[in-house]
Amino acid sequence: MNSLLLHCLPATDVKNLRDIDRQVATQILQWEVQASADAQPEPQRLQRLAMASVMVSVALGKGQVCLPLTSCALPEWREFWHEHALLASAQLAACRTVYVAEANPKPAVGEFRDYAQQPLVLHGNNLYLARYFFYERGVLTQIHQRLAQEPALNDAELTGTLTQLFGEPAVNSDAVIDWQKVAAASACIRHFSVITGGPGTGKTTTVTRLLSALLSQKPGMSIALAAPTGKAAARMTESIRGAKLRAQQRGENTLPFAEQIPDDSFTLHRLLGWSPRGFRYNANRHLPFDCVVVDEASMVDLPMMYHLFQALAADTRLILLGDRDQLASVEAGSVLADLCDAGVQHGPDAGFAQRLQPLTGYDLTSVTEASVSPMQNAVASLRVSHRFTAASGIGQLAAAVNNSDLARAGQVLREFSDVRSVLLTPLAEQPFWQQPAWQQTLLDGYRDYTEAVRALSADGACTNARSGAGAVGVFEAFNRFQILVALRQGPYGVEQVNQRTERLLQAAGLLDTRASASGWYSGRPVMISRNDYDLGLYNGDIGIALPVSDDQGTQTLKVAFPDAGGGVRYLLPSRLPAHETAFAMTVHKSQGSEFDHLCLLLPEQWQSVITRELIYTAITRAKQRFSLFSSEACWQQGLNTRVQRASGLREALWPQR
């Protein structure tokens, strides 16, 4: 039997096939053999089952929740499957016949009613690993349950509070709609809501005022703020504190109950109490909060969203914030995009618009549409950027990229002073790291940072490790410039770009990057790549190595990290969990961050990871300036490529789209 199973699996030297893909297929074949009533299962069936199992596993590795059997012959799949002798088009068609058209599925493929006892689940034209079908159905069930109930509210009091927080609409009936006020009102009257918007549309401002409105309805309401990564959580904390400070500066009562709005936040793993044994908070032990707000929700994958929903009591509010057009999560799923039906702008149905009118004072008739989904009234889009004006190239470029408008993107890059594009020459002619434009951009970008590091060292290092006043200035300087890349490996990958940046700064005399035996030097920025709950360090946290003097004047190189109180804490390099140098980082790792000047480096040859979502995410990390270094071909192909992750979530939530 073992020889039969091995015969059914793809060859070990098949390109792009991972060990885990082959292992998944092996386990499912073994399950099939054990569950089969036949003493000798049909070899052709086992071969097709092996093919389907491998394909589902590969789909999961690509971020897909399921394998869409109706689209397996599309170009993005043919790129992989043509490598496999077993997976020729005729075999693929035969596999689809077995798993879609067959009246009585074989043991290893269960229908959704008995998925718990099956390794694979066939639902419609989608083939799942059972666990991911379980996650998807669990999220759907929770959403439908929350959308079916409406919290009890005092509409008159809520109307007054919203007016106090956002102001009265202009007398003119054609006044521009305050989408922040509409979003806050929408979220107040739902147990589950999504507030989505691009950079500068005021998601944090909106949710801060929204929480104030909810507290006016239920004083003492317990609130938890969370985000997928430590960096995003820290950014959320900073934004909430800033919103509360601005309200305080405007005068009394501009933000009622501000003292009850928390200004510290959790990572989702910490919120749910993750440990190797599982999550502390789950379906049997709910989180002790009345309202949970999750920022940067585009980074939340399907399994984590499932665990979050399971940990909420039935009457706990869940508010998701994020940009639906950003990169999806690293792991499987594109939950926020699915919830919002990204790519389509929806408005409320007529009934919900009528419900919002007295609360907001705005007539939303012009944006209503026929009822197409229960989600359309739960999703509120912030449509006006307060950061980027019509004179801003960054905002204009982001919009053009989001629309895959190559002509407009090119026009913006030519006409606006805050964005620019530098054409890369082929590596064989002149490597990008030797191009004067690249070198000058990096030297100018990191000059303030390197001067801050040298000044701190010249002053005798940090003598007050608790306050870290000088180190705070170093972090501020570091955040003025950042290099983003699309890849991890190769000459355009994050590892080599970091090495070449270190050499450039060393050669220019800006930093002494001649590493010690341990690889550390003063001014080395590092990014944490694995959570360490004991140290309070999380994936994405940035630290900077700086000299610290003790009371006797002895200097020790330590790594400074911003703390929740606005200060800095220091750790010895030897105590850090897994980390990497961070002059350059991947676009994925940059989510939740902002930089004054952002430099995006794309490779000479386009690769499938380079999509319009990746480019859009990179552009929207920039606050003041954006520089692009790319070949023309890679830029154009990237803008014309969208992330399309297969899942049944969008199909179920938006059936009439």
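From a predicted model like this one, the values you see are computed outputs, not experimental measurements.
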Can the ring centroids of [X] and [Y] be said to lie less than 6.0 angstrom from one another?
X    : Y    : result
H307 : W274 : no
F192 : F309 : yes
F133 : H123 : yes

- request: Let me see the working for D155 and R355 under salt bridge (Lys or Arg N to Asp or Glu O under 4.0 Å), right down to the final yes or no.
  value: CA-CA 10 Å; D155 281 19; R355 175 87 169 86; 2.7 Å; yes
Non-hydrogen side-chain atoms of [X] and [Y] separated by less than 4.5 Å:
X    : Y    : value
L287 : L271 : yes
Y132 : S647 : no
H286 : T316 : no
I189 : L153 : yes
V292 : I319 : no

query: On the ring face of Y616, is R612 found with NZ or CZ under 6.0 Å from the centre and within 45° of the axis?
result: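 Judged by the rule, R612 and Y616 form no cation-pi pair.
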query: Relative to F166, does R209 satisfy both conditions: NZ or CZ under 6.0 angstrom from the six-membered ring centre, and within 45 degrees of the ring's axis?
result: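 Geometry flag: set, cation within 6.0 Å and 45°.
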- prompt: Can you check side-chain hydrogen bond (donor to acceptor under 3.5 Å, both in side chains) on S381 and T196, steps first, answer last?
  reply: CA-CA 5 Å; S381 298; T196 182; 5.7 Å; no
query: Cut-off 3.5 Å, side chains only: do D21 and S57 have a donor facing an acceptor?
result: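 Result is yes, a qualifying pair exists.
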field: Euclidean distance, S529 OG relative to L537 CG, rounded to 0.5 Å
entry: 11.0 Å
task: Under the ring-ring contact (aromatic ring centres under 6.0 Å, His included) rule, what do Y128 and F134 come out as? Steps first, then yes or no, please.
output: CA-CA 9 Å; Y128 297 79; F134 178 79; over 10 Å; no
